[in-house]
Amino acid sequence: MIEIIRRNKAGKWSNIAGILALIWMCVIFAFSAQTKEESSVVSEGFSYRIVSTTGLFFHLNLDEEQLHEIAASIEFFVRKAAHMTEFAILAVLLYVWFARWEMARVRRGCLAAFLTMLYACSDEFHQLFVAGRSGRISDVLIDSAGAVLGMAAFMLVESIVFALCRRRRARKVARNDGNLK
């Protein structure tokens, strides 16, 4: 009975993850549909907020010119980190969605990463048709690295949580066995 309840809960979360994965794919598509100018405005604004917040936090007393200069120098890295993060999130959502099918964790992780890499290829292909944008193999590799790293990090955390839960359950069983004697 408990196993049926666990499967139903897993199935519910899996369905939610599947829906979120489709929504996330639409979000990635929308970001990719932005022209170069629109995308640059978003990246520059985000880079500026990072630098100004960091300056406030560490009491750096940067003037407006310095803020813009530093923001411009980190924009490329912010943009690529955003790409990696987008695709890491997609890979994790696909991994959770695939939990509804009986599949080994490593196989599920590889499938999620592979499908995310395919989506990265289609995303770069889509950018070929957007004004001022271009599809680049280097971006596919960056997106794929994000998928693999995100998947690896998620699976590591999942393994740690499972191990802690097993240990907790074993202690609880040992305590109950001790009380029965």
Item to check | Plane angle bin for Phe154 and Tyr95 - parallel if under 30°, tilted between 30 and 60°, otherwise perpendicular | outcome: perpendicular

Checklist entry - Do the side chains of Glu75 and Val78 get nearer than 4.5 Å, heavy atoms only? => result no

Next on the checklist: Working to the nearest 0.5 angstrom, can you tell me the gap between Phe162 CZ and Arg169 CZ?
Outcome noted: 9.5 Å

Next on the checklist: So, taking the atom named NE2 in His83 and the one named CD1 in Ile28, what distance separates them when rounded to the nearest 0.5 Å?
Outcome noted: 9.5 Å

Checklist entry - Between Met84 and Leu149, does a side-chain contact (heavy atoms from CB on, under 4.5 Å) hold up when you go through it step by step? => result CA-CA 9 Å; Met84 290 180 80; Leu149 291 173; 3.6 Å; yes

Checklist entry - Does atom CD1 of Ile137 have more than 12 heavy-atom neighbours from other groups under 6.0 Å away? => result no

Checklist entry - Taking side chain as C-beta onward, heavy atoms only, is Arg100 less than 4.5 Å from Asn15? => result yes

Next on the checklist: Let me check something: do Phe31 and Leu90 share a hydrophobic cluster, defined by ILVMFWY side-chain heavy atoms less than 4.5 Å apart, either directly or through other members?
Outcome noted: yes

Checklist entry - Do the side chains of Val148 and Met117 get nearer than 4.5 Å, heavy atoms only? => result yes

Checklist entry - Just by modelled atom types, is the Thr35 backbone N or O under 3.5 Å from a matching donor or acceptor in the Ser39 side chain? => result no

Checklist entry - Checking side chain to side chain contact (heavy atoms under 4.5 Å, CB included) against Phe58, which of Leu62, Leu56, Asn61, Thr54 comes through? => result Thr54

Checklist outcome for this item: Interatomic distance, CE@Met155 vs SG@Cys110, rounded to 0.5 Å, equals 7.0 Å

Item to check | Heavy-atom closest pair, residues Ala147 and Thr116 | outcome: CB-CG2, 3.5 Å

Item to check | Taking every non-hydrogen atom, the tightest pair across Val96 and Ala17 | outcome: CG1-CB, 3.5 Å

Item to check | Nearest-0.5 Å distance, CZ of residue Phe46 to CD1 of residue Ile74 | outcome: 9.0 Å

Checklist entry - Is there a side-chain contact between Lys80 and Asp139 (heavy atoms, below 4.5 Å)? => result yes

Checklist entry - Got a donor-acceptor contact below 3.5 angstrom from the Trp24 side chain to the Phe87 backbone? => result no

Next on the checklist: Same cluster or not: Leu128 versus Ile142, using hydrophobic residues (I, L, V, M, F, W, Y) connected whenever any side-chain heavy atoms lie under 4.5 Å apart?
Outcome noted: no

Next on the checklist: Apply side-chain contact (heavy atoms from CB on, under 4.5 Å) to residues Leu67 and Glu64 and explain how you reach the verdict.
Outcome noted: CA-CA 5 Å; Leu67 287 173; Glu64 200 65 25; 4.1 Å; yes

Checklist entry - So, do Gln34 and Val42 sit near enough that their side-chain heavy atoms are less than 4.5 Å apart? => result yes

Next on the checklist: Between Arg133 (side chain only) and Ala33 (backbone N and O only), is there a donor and an acceptor less than 3.5 Å apart?
Outcome noted: no

Checklist entry - Just checking, any donor-acceptor pair under 3.5 angstrom between side chains of Ser47 and Arg79? => result no

Item to check | Least distance between heavy atoms, Val140 atom then Ala120 atom | outcome: CG2-O, 4.0 Å

Item to check | Main-chain N/O of Asp63 paired to Gln66 side chain as donor or acceptor, under 3.5 Å | outcome: yes

Item to check | Transitive ILVMFWY side-chain link Phe77 to Tyr48, under 4.5 Å | outcome: no

Checklist entry - Going by atom types alone, do Glu124 and Tyr119 pair a side-chain donor with an acceptor below 3.5 Å? => result no

Next on the checklist: One pair to check against side-chain contact (heavy atoms from CB on, under 4.5 Å): Leu115 and Phe98. What are the steps and the verdict?
Outcome noted: CA-CA 11 Å; Leu115 291 177; Phe98 296 154; 3.5 Å; yes

Checklist entry - Between Met151 and Gly109, what is the shortest heavy-atom contact and its length? => result CG-O, 3.6 Å

Checklist entry - With a 4.5 Å heavy-atom cut-off, do Gln127 and Arg136 have their side chains touching? => result no

Next on the checklist: Is there a continuous path of hydrophobic side-chain contacts, each under 4.5 Å between heavy atoms, that joins Leu118 to Met25?
Outcome noted: yes

Next on the checklist: With heavy-atom distances below 4.5 Å as the criterion, would you say the side chains of Ser134 and Lys36 are in contact?
Outcome noted: no

Item to check | Contact summary for Gly150 and Val92, nearest pair of heavy atoms | outcome: O-CG2, 3.8 Å

Item to check | Nearest atoms (heavy-atom pairs only) where Ala112 meets Ala91 | outcome: CB-O, 3.5 Å

Checklist entry - Counting N and O atoms only, with roles assigned by atom type, does the side chain of Ser144 sit under 3.5 Å from a partner on the main chain of Leu141, one being a donor and the other an acceptor? => result no

Checklist entry - Can you find a heavy atom in the side chain of Met103 that is under 4.5 Å from one in the side chain of Leu111? => result yes

Checklist entry - Shared ILVMFWY cluster between Ile50 and Phe57, side chains joined below 4.5 angstrom? => result yes

